[in-house]
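Beneath this line is the structure, given in structure tokens, with notes to follow.
Per chain, numbering begins at 1; letters A, B, ... match sequence-line order.
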Number of protein chains: 4
Amino acid sequence: MTIYVEGPIMPRITPERREARRAEIVAAARRCFSRDGFHQTSMPDIAAEAGVSAGAPYRYFASKEEIILAIASDAFRLVFEPVERLAARTDHASVADLLAASLEALNADTVTDAAGREVPVDELLRCAVQSWSELLRNDAVRAPAVEGFQGVLRGITEALRRGQAAGTVPPAVQPERAARVVMGLLHGCLLQRVAFGLTDTAGFGDELSALLAGVDATSGRGGANGTTGATPP
Amino acid sequence: MTIYVEGPIMPRITPERREARRAEIVAAARRCFSRDGFHQTSMPDIAAEAGVSAGAPYRYFASKEEIILAIASDAFRLVFEPVERLAARTDHASVADLLAASLEALNADTVTDAAGREVPVDELLRCAVQSWSELLRNDAVRAPAVEGFQGVLRGITEALRRGQAAGTVPPAVQPERAARVVMGLLHGCLLQRVAFGLTDTAGFGDELSALLAGVDATSGRGGANGTTGATPP
Amino acid sequence: MTIYVEGPIMPRITPERREARRAEIVAAARRCFSRDGFHQTSMPDIAAEAGVSAGAPYRYFASKEEIILAIASDAFRLVFEPVERLAARTDHASVADLLAASLEALNADTVTDAAGREVPVDELLRCAVQSWSELLRNDAVRAPAVEGFQGVLRGITEALRRGQAAGTVPPAVQPERAARVVMGLLHGCLLQRVAFGLTDTAGFGDELSALLAGVDATSGRGGANGTTGATPP
Amino acid sequence: MTIYVEGPIMPRITPERREARRAEIVAAARRCFSRDGFHQTSMPDIAAEAGVSAGAPYRYFASKEEIILAIASDAFRLVFEPVERLAARTDHASVADLLAASLEALNADTVTDAAGREVPVDELLRCAVQSWSELLRNDAVRAPAVEGFQGVLRGITEALRRGQAAGTVPPAVQPERAARVVMGLLHGCLLQRVAFGLTDTAGFGDELSALLAGVDATSGRGGANGTTGATPP
DNA sequence: CATGAATGAGCATTCATTCAT
DNA sequence: TATGAATGAATGCTCATTCAT
């Protein structure tokens, strides 16, 4: 005898499984994009890399652009989050500290994403560089990127203000401008690593410290500062 | 309509005319690339923008990639040349001077190319960002770009060494690393300008000076702003 | 959620329930087809409109074509049945009577199908027009449609013959040809209603009467109505 | 020596050649559509039928829909033009004359299009039936079709009014309604020919005459129309 | 039985490139 | 030389259908 209860029938795959599948597709897309670029990668390429059929990605993303957007977001988050986190919690960070914190993420081999999955940093950084191109002409990429960037800038600015109050940041520093310098160095370092083959990013942060500290160190001397072209006799 | 009588072989157009035509095509491509991106621009788009037939660009460039390459080269040259030039000729440049010199180019509205033609800086910078994506996976773009970058780096390094000898650069500075910091700031600033809408690049260079000078300032000197080459005794 | 215990084979749903489900799917398909056309409607569209899963329609129909076939049949039946019914039972119908009977169905808002379900006439008529396209190249649609059409034609022909015997149809009328005229007017009227926006189908039938009666009128006799074929010598 | 005059260079193909090529593609599409239907015909099918490459049709039509539209227009024109032409020039047409004129076109094997090319009538009529489906949900097809239809209706209406003035149309006829009857019969006849396999459209028009004349005949005037085989003495 | 994820062939369309004129 | 028509492979995406759960 058959007993049955009317009611909605459960989906064939659990939300976890679905999420895992989506992540596989994202990971495959990231590998493809990192290797071949957003526009040299076709949707069939992504499907093949993920080991699924050509139609499968469309059950998880409405379009190729949506995949690009997801990966660009991940990439920007990787770059922005560490420095934002430090900026949020410290009251006596120096400029060099903030930069060092942000560069740290670039030096890791992998990061762990929100769902606990390991993601190769190098892939994400290569996607980040491509996302810069993308945001030039794609509002869906630009808007959140710009907003995220401004958020980080604000975070750093505030941290520097607190640092000035705490005496760890020189009073002559203009927080808004310095925040841009920190982000500029971060982006510049990122680019050197992935595009120009200079993977030694550690020295990068160190050198800013050295530049500042070096001046400081010599500060017995007067015009230790390089800007002063005219060092007095 | 063209009427012509066959005769002894001679170029149908003068070399000057040919060069001008090529430049028109490059300029059209640059406008398209700047507006729509390398891969969203089709060859017919470029031809239409240049006001020539679909086949015409192929008489000047073997392929679309070659046009991209030409424009990427122009873009990299714009970024590298000013700082390289300063580095080559000065014996007592400070770190901030070098950065200021390189940022200057980014602030102009137009530059003059090798053939004396005016080129909008903004277009070139947008193409530069896209070229970064391109060089990730295109050897023809990467090789000269990396070489150019290393050349600039060497130039700055040498200039800093000479600066240390001259006393305008603190001895604690490591020239190789500092050169990378300068280029990192240059690229970071460029990106902020074209991708994140922060066009105030002037303050950017100023702030590095301030950071350095600020430290200095704490050691007794007031001059908050590093750009002032002329610090009185 | 469905809980069930295996047991002796028995239908999981009652035949009534199954039939009702099938009817829902047909109704959903009819709405979709009427709105978007046979070929702009996808199977997922139909399933969604019916509120069932994508696979469900395949438990009732082997293919999309079978659904089209079912609906085309309904549509043709709607058009053919009323006139066939009148033709079958009358012994003294005039040409105009037959036409009027067939047009009546087109003027209703809904009809009741074999299972007693209300079906919007407009939906069915729109499907009928599409079925004409379909039968041009689909034998499964054409064969029954042509057979049905010929059946109606025969029915009308016979009715006209009986009418001639009864004196309600003029002897000069050729029954086969007149039957085609009746059906032609029916189809033409249908098309005007659904495709050309002329919903006033009532006047349509009236006018044929007028045309016939009008001629009659000019010949001196009062018989205002063409249905009165019975002009005695 | 080469003499040349600057100026626009002529296109490689003459406008005539271009027009001929376009006509070939239209003819190929018409054959495909007539055989397989609008939506079962793919663009590659059309290109192959025309003996050109897959991309070629896009140099003449922006999209598949545009090809459909062009052919639907041709089809509607074929149906509307003959009756419209007669209606425009006659002052003493009878209802039967107008119908006969419009049916004549359906009986031809080929018609000559605006550019003087022979077009098989059967193909066009099959496309006409499909266009009826198309106009149900495609505004680009519907708008001109409805407008054309209303134009013909007006033309017939006016002709009937003039006929009433001339005494060739009975005064009891309501011109608007009769015009719709004429068009309804035309469409119904068309459908019988292409969809239901009844190619004898001649008898169709004859019978309307018979229906009218038959009545008339009984009133003493004699067999007005040759179709009425059975004119009693 | 019912679900809905998955498949994979197919489609409309684009575009880098060629080449007859 | 310059033109622009033509090519044909490739792309993003859809959808009828299947089948494991």
Side-chain angles (χ1 to χ4, degrees), chain A residues 2 4 6-14 17-18 21 39-47 52-65 67, chain B residues 2 4 10-13 17-18 21 39 41-47 52-65 67, chain C residues 1-2 4 10-13 17-18 21 39 41-47 52-59 61-65 67, chain D residues 2 4 6-14 17-18 21 39-47 52-65 67:
Chain A
T2 301
Y4 56 88
E6 289 289 338
I9 287 182
M10 286 291 108
R12 289 317 100 186
I13 62 172
T14 61
R17 181 92 191 86
R18 181 173 169 85
R21 186 74 108 140
H39 302 290
Q40 276 58 43
T41 297
S42 72
M43 288 296 276
D45 288 344
I46 295 171
V52 299
S53 71
Y58 287 93
R59 292 197 60 78
Y60 298 88
F61 297 92
S63 66
K64 184 180 173 180
E65 194 191 309
I67 303 184
Chain B
T2 302
Y4 56 86
M10 67 157 48
R12 291 286 150 72
I13 60 172
R17 181 94 189 85
R18 184 175 165 83
R21 185 79 105 140
H39 302 290
T41 297
S42 72
M43 287 295 273
D45 287 343
I46 294 171
V52 298
S53 71
Y58 286 92
R59 300 201 62 80
Y60 299 89
F61 297 92
S63 66
K64 184 179 174 182
E65 193 191 307
I67 303 184
Chain C
M1 182 176 164
T2 302
Y4 55 86
M10 65 159 47
R12 291 287 152 70
I13 60 173
R17 181 94 188 83
R18 182 174 167 84
R21 185 79 105 140
H39 301 291
T41 297
S42 71
M43 289 293 274
D45 287 343
I46 294 171
V52 299
S53 72
Y58 285 91
R59 302 204 60 80
F61 299 92
S63 66
K64 184 180 174 182
E65 194 191 308
I67 303 184
Chain D
T2 302
Y4 56 88
E6 290 288 338
I9 287 183
M10 286 291 107
R12 289 317 101 187
I13 62 172
T14 62
R17 181 89 192 87
R18 181 175 168 85
R21 185 76 108 142
H39 301 290
Q40 277 59 43
T41 298
S42 71
M43 289 295 274
D45 287 343
I46 294 171
V52 298
S53 70
Y58 286 93
R59 291 196 62 77
Y60 298 88
F61 298 92
S63 66
K64 184 179 175 182
E65 193 191 309
I67 303 184

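Residues meeting the side-chain hydrogen bond (donor to acceptor under 3.5 Å, both in side chains) test with D:Ser53, sequence neighbours left out: none.
Contact between the side-chain N/O atoms of B:Tyr60 and the OP1/OP2 oxygens of F:dT1 is not found at any separation under 4.0 Å. The shortest distance between the side-chain N/O atoms of C:Arg18 and the OP1/OP2 oxygens of E:dC1 is below 4.0 Å. Distances shown here put a side-chain N or O of A:Ser53 below 4.0 Å from the OP1 or OP2 atom of E:dT7. Contact annotation: B:Arg21 side-chain N/O to F:dT1 OP1/OP2 distance is not under 4.0 Å.
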Reading 5' to 3' through nucleotides 13-19 of chain F, protein heavy-atom contacts under 4.0 Å coded B for base, S for sugar-phosphate only, - for none: BBSSBB-
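Note that CD1 of A:Ile67 and CD1 of A:Ile46 are 4.5 Å apart. Values are rounded to the nearest 0.5 Å. Rounding to the nearest 0.5 angstrom, the gap separating the CE atom in D:Met43 from the OH atom in D:Tyr58 is 3.5 Å.
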message: Test side-chain contact (heavy atoms from CB on, under 4.5 Å) on A:Gln40 and B:His39; report intermediate values, then the result.
response: CA-CA 9 Å; A:Gln40 276 58 43; B:His39 302 290; 3.0 Å; yes
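Across A:Tyr60 and A:Arg21, no two heavy atoms sit closer than the pair OH-CG, 3.1 Å. Annotation for A:Ala54 and A:Ala47: closest pair CA-CB, 3.9 Å, computed over non-hydrogen atoms.
One interatomic measurement links the two molecules: CD1 of B:Ile67 to P of E:dC15, which rounds to 15 Å at whole-angstrom precision. What separates CZ of B:Phe61 from C1' of F:dA2 is a distance of 16 Å, to the nearest Å.
A stem is defined here as three or more consecutive Watson-Crick or G-U pairs, each with both distances under 3.5 Å; for DNA chain F these stems are E:2-21 with F:2-21.
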